[in-house]
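Structure record follows, encoded as structure tokens.
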Amino acid sequence: MSRYFGWVKDHQKLALAGVVIGAASLLVATLGFGRDLFGIEFSQASHPAPTSAAGPSPSAYLPPPASEDPTSDIAESPSDEARPTPTETVDPTPTPEDSPEEVSVRYLDELDAEDRNGGYVKGLVTMGNKPYDRSVELSCNGTNTYFVFPVAGMRTLDFWLGIDDNTPGASGLVADVAFYRDSGGQLDSNKVAKLGPATHLKIDITGTTQLKIRCTGRNASSGRQANVAHVAFGKAVLTAAPR
């Protein structure tokens, strides 16, 4: 009997071993079938690759792919050229130091003689075949002829002196012209008006309130007194003193 039971136990061990081997074979076959049929990948425990003491591998410094912009996540800072240039605020009103000297002018033909003993006209004249607008023509007799103009606040009298080309009988005649201030003192020297090209003159009349102009006609050769009409002050301009 004991021999019989010993045989049974051996056969049971063999059977159990067969079952275990069969189950293992079935599991292996099932895993292989599942991977082939469904493309299932079974994860394996990942282990970090060993790194050498020399530092990271050269691949760590490879540039990014061409399709990627490494600066896409960096906010672009404006360059110096993009920054607006500050502008100065300019005061449209000039300061007294920067302001040019204020000068105003008047034409002699704007004034009327306050006192006179001869005649005068205003308009365009021609001297030496050259026209001069804004002119005043005085009629100078052989005796002393004068005209008084108000010029308060004026500094200079700028004009062209001569005799109108169209003056009848003026050939060979001239006129002596002198300028005086209120007190009677003479301004500058005597000037001579004659036919032909005009003479440009500038008389300083600073401080003068009443400007007296005296003129006397005469024969240029003999010096004998003569009446000379149309002694012209061409384009006569009065310039005011600066404020």
Is any side-chain heavy atom of [X] closer than 4.5 Å to a side-chain heavy atom of [Y]?
X	Y	result
Leu138	Val121	no
Phe233	Val177	yes
Trp160	Thr199	no
Arg224	Arg218	no
Val148	Leu211	no
Asp133	Lys235	yes

Between the main-chain N or O of [Y] and the side-chain N or O of [X], is there a donor-acceptor pair closer than 3.5 Å?
X	Y	value
Arg181	Ser183	no
Thr145	Asn141	yes
Thr156	Met154	no
Asp182	Thr209	yes
Tyr180	Gln210	no

Going from [atom1] on [X] to [atom2] on [Y], what distance comes out if it is rounded to the nearest 0.5 angstrom?
X	Y	atom1	atom2	result
Phe147	Asp112	CZ	CG	13.0 Å
Leu124	Asp109	CG	CG	11.5 Å
Arg155	Thr208	CZ	OG1	13.0 Å
Ser135	Asp164	OG	CG	9.0 Å
Asn117	Thr143	CG	OG1	7.0 Å
Leu195	Ser171	CG	OG	6.5 Å

Would Phe159 and Val237 count as a side chain to side chain contact (heavy atoms under 4.5 Å, CB included) here? Give the steps.
CA-CA 6 Å; Phe159 62 101; Val237 177; over 6 Å; no
So which heavy atom on [X] is nearest to which on [Y], and how close?
X	Y	result
Val231	Ala193	CG1-CB, 3.7 Å
Ala178	Asn190	CB-OD1, 3.3 Å
Asp165	Met127	OD1-CA, 3.4 Å
Leu238	Ile205	CD2-CD1, 3.7 Å
Leu157	Ala236	CD1-CB, 4.3 Å
Asp158	His200	OD1-NE2, 2.6 Å

Residue list, salt bridge (Lys or Arg N to Asp or Glu O under 4.0 Å) with Asp188, at least two apart or on another chain:
Lys191
Answer with yes or no whether the hydrophobic clustering places Tyr132 together with Val136; edges join I, L, V, M, F, W, Y residues whose side-chain heavy atoms lie under 4.5 Å apart.
no
State whether [Y] and [X] meet the cation-pi test: NZ (Lys) or CZ (Arg) under 6.0 Å from the six-membered ring centroid, and within 45° of the perpendicular axis.
X	Y	result
Arg214	Phe179	no
Arg134	Tyr107	yes
Lys212	Tyr146	yes

Other residues, nucleotides and ligands only: do more than 12 of their heavy atoms fall within 6.0 Å of CG on Asn129?
no
When Ile, Leu, Val, Met, Phe, Trp and Tyr are grouped by side-chain heavy atoms lying under 4.5 Å apart, directly or through other members, which residues fall in the same group as Val192?
Val174
I would like to know whether Arg116 and Ile213 meet side chain to side chain contact (heavy atoms under 4.5 Å, CB included); could you show each step before the answer?
CA-CA 9 Å; Arg116 62 188 175 88; Ile213 302 174; over 6 Å; no
Does any donor atom in the side chain of Thr206 or Asp204 lie under 3.5 Å from an acceptor atom in the other side chain?
yes
